[in-house]
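Predicted, not measured: the structure shown is a model, and the values here were computed from it.
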Amino acid sequence: MKNRILVLSLVMLLALSTVVIGCPRPVEPVVEPVVPQVLTVLLTTTPDIIDPAKTNLIPSFSVFSLIVSTLVAFDHDLKIVPYLAESWEASGDELTWTFQIRRGVRFHDGTPVNAEAVAWSLNRFRTEGLLRGFLAPIREVVAVGEYVVEIRLHEVFPLLLQELAIEYVGIVSPAAVEKYGVEHGIKNMVGSGPFKFYEFIHGDRAVVVRNEEYVWGPAFVKNRGPAHLERIIFRVVPEAATRIMELERGRAVYTGAIPTGDILRLKADPNIQAMETLWRGSASLTINVTKWPLSDVRIRRALNHAVDRDIIIEHVLDGFAVRAYSNFSPAQVGFYAGVKKIAYEFDPQKARELFAEAGWSPGPDGILIHRETGTRAEFELWVATIEERIRASEVIKAQLREIGVDLRLTVKEGGAIVAGWRRVPPVHDMLFRQYGWPIVDGALHTIYHSGNIGAGNASHLAYEPMDELVGIVKAHPDPAVRARALKEAQMLSVKLATEIPLWHPISFAMATADVGGVELLAAHPWWSRRVFALDLYVR
């Protein structure tokens, strides 16, 4: 029987072979199914405007950083490499820097990216930009040839290239700014990067689409362009549970605050890719130093002593953070570990003594009262709609109650908090803030220099000794002097107690398994937006 089956099989095979030989047909190639190259990125809060000169919100940064190009970029070692500028050189006195702009690049509106456009865009940022303090030492930017730009300085500026690598200083189309006016960044925003603005609906989504003409990505990316992804949809999803559900069910990347209770489960899920790193920044409570009694450094130091960070990290964050001794992270370039020597340890009794020294005594209900004015120790804390921050704030509220301080929590959307601290004079008491920056000196200037009040300086600190140190860090020609000033400034930031540093997050980015290129993104210490834009794809 077996032999009969074998014979029949051979006969059938021969018959089929005869048919093929006798009537040849073209062999159709195997066509792989086309996978839409569309990716969703989940945001915790909405961008306010998609214009690098008009915002300091991280959600806005996430979008416009894919649209603009900068003169230079950070590589995987956080070293400066060419990007829109192919080369540069400084004059002997380092007061004039000459940049050769890449030829053949066009903005998304078809206008040329030439020296005139670059100079116009940089001058716009340094005179109108919300974070214009980045470029404060610049006197003027001038086009001296069709593709040659000179940046002329008031003083030596060792951080110039570093600041030019940040996407907030990205080059935008002069023609587009003129065309859209106050709606630039809302109706449209035109750069020359790997993606083009498609739409922005405040509170809902922002969408970018691939720039097919982009083929000149920086050398440290694997794919120099065009991008693999055709479209990226940034969806605003304030609810943590909904974000996690979206991540588990769809094709998405999520780099925002992930509830710690979900991290271990997501890391164990074979359908989820997880990347983690120590955050290059910190989470802290920023104190408005212009408002009495918070203007009294003794009160700010007392509040620092009243907070037990270790309890919060253990019970709120499930250990996914490192205790902060200052507002700067060990992961940042230039971090000074000596700040731990003078950091505020948890010491409720010391906190009570500092309040007593400043003229406060317990009232009938245990809340401290100022002996001269009768003012109660009541403060308001603004906190964003992020679960872990709300829970941490509730623990801090209870801890401050133990020393006689009544802390009221006001939950606000992230953009509203930023808009509030921009007000001059400010109205807030304290606000919950988390920032990130790769290098300490840049963060130092942004957060503590008086020139950034109402922008990155949310405490509204105006303290001349700090400004002097920041000025040395930013501009002194001697690297040893700059390094010494950088340490002194970090120590001074602790002494001034303009923040209550809480923790340095162990930060996670999650992606569904069908997102390719994630390993390239994770390899960059700053999770570079250039890597994100060019190397990610859908499998």
Side-chain angles (χ1 to χ4, degrees), residues 36 38-48 50 57-66 199-208 229 231-277 279 281 283 316-321 382-394 409 411-418 432-436 503 505-518 521-522 527 529 532-533 536 538:
V38 178
L39 187 66
T40 297
V41 178
L42 305 174
L43 301 178
T44 58
T45 56
T46 185
D48 55 349
I50 314 300
L57 283 185
I58 293 298
S60 298
F61 176 88
S62 297
V63 181
F64 71 66
S65 60
L66 306 186
E199 72 174 342
F200 170 46
I201 301 174
H202 188 276
D204 182 40
R205 67 184 180 273
V207 182
V208 297
L229 296 171
R231 178 181 298 245
I232 302 176
I233 303 166
F234 294 87
R235 288 197 54 229
V236 181
V237 186
E239 302 80 14
T242 307
R243 291 195 300 271
I244 299 304
M245 182 180 68
E246 294 266 353
L247 181 65
E248 292 178 307
R249 291 173 51 185
R251 179 179 297 129
V253 171
Y254 177 40
T255 60
I258 298 174
T260 55
D262 293 305
I263 289 175
L264 290 177
R265 179 174 57 80
L266 291 171
K267 287 179 68 177
D269 187 337
N271 295 315
I272 300 292
Q273 304 175 77
M275 301 158 281
E276 64 181 271
T277 187
W279 186 247
V316 175
L317 306 177
D318 295 329
F320 290 111
W382 295 351
V383 56
T385 54
I386 296 175
E387 181 183 347
E388 67 179 20
R389 298 187 194 178
I390 294 173
R391 291 174 57 207
S393 298
E394 289 169 346
L409 306 184
V411 178
K412 292 175 174 278
E413 194 273 331
I417 292 177
V418 175
F432 206 123
R433 182 187 193 189
Q434 180 171 310
Y435 84 93
W503 66 76
I506 295 175
S507 185
F508 288 87
M510 301 282 185
T512 46
D514 52 5
V515 180
V518 170
L521 177 63
W527 288 350
R529 298 298 191 237
F532 182 99
L536 291 192
V538 179

Calculate, to the nearest 0.5 Å, the distance between atoms CD1 and CD belonging to I386 and Q434 respectively.
7.5 Å

Smallest separation among heavy atoms of E276 and I506, with atom names
OE1-CG2, 3.8 Å

So how far is it from I232 CD1 to L536 CG, rounded to the nearest 0.5 Å?
7.5 Å

Going through the checks in order, is the side chain to side chain contact (heavy atoms under 4.5 Å, CB included) test met by V538 and L229?
CA-CA 7 Å; V538 179; L229 296 171; 3.9 Å; yes

Note: T46 and L57 closest approach over all heavy atoms is O-CD1, 3.9 Å

Would you please name every residue forming a side chain to side chain contact (heavy atoms under 4.5 Å, CB included) with R231, sequence neighbours left out?
V38, Y198, V207, V209, I233

What is the minimum heavy-atom distance between D48 and F200, and which atoms define it?
O-CE2, 3.8 Å

Determine whether a donor-acceptor pair (N or O, by modelled atom type, separation under 3.5 Å) exists between the side chain of W382 and the backbone of G414.
no

Sequence neighbours left out, what passes side chain to side chain donor-acceptor pair (under 3.5 Å) with D318? Give chain and number order.
T260

Drop me the distance from R389's CZ to L317's CG, to the nearest 0.5 angstrom.
11.0 Å

Between R205 and E199, is any pair of side-chain heavy atoms under 4.5 Å apart?
yes

Atom CZ in F508, atom CH2 in W279: separation rounded to 0.5 Å?
13.0 Å

Test of understanding: with side chain to side chain contact (heavy atoms under 4.5 Å, CB included), list the residues that count as partners of I390, not counting sequence neighbours.
V383, E394, V411

Closest non-hydrogen atom pair, V253 against A511:
CG2-CB, 3.9 Å

Between G203 and V236 the two heavy atoms that sit nearest each other are O-CB, 3.7 Å

Supply the atom-to-atom distance L247 CG to T242 OG1, rounded to the nearest 0.5 angstrom.
12.5 Å

With the side chain counted from C-beta on, respond yes when T277 and W527 share a heavy-atom pair under 4.5 Å apart, and no when they do not.
yes

Can you measure from CG (D269) to CE (M510) and round to the nearest 0.5 angstrom?
9.5 Å

Exercise: identify the closest heavy-atom pair between V515 and V518
O-CG2, 3.5 Å

For D204, give me all partners under side chain to side chain contact (heavy atoms under 4.5 Å, CB included), at least two apart in sequence or on another chain.
I201

Tell me if the centroids of the rings in F432 and W503 come within less than 6.0 Å of each other.
yes

Salt bridge or not for R265 and E248, using N-O below 4.0 Å?
yes

Side chain to side chain donor-acceptor pair (under 3.5 Å) against E413, all qualifying residues, sequence neighbours excluded
none

Applying side chain to side chain contact (heavy atoms under 4.5 Å, CB included) to L66 and F234, what does each step give before you reach the verdict?
CA-CA 12 Å; L66 306 186; F234 294 87; 3.6 Å; yes

Does L264 have any side chain to side chain contact (heavy atoms under 4.5 Å, CB included) partners at least two apart in sequence or in another chain, and if so, which?
F320

Within the 4.5 Å heavy-atom criterion, are S62 and R529 side-chain neighbours or not?
yes

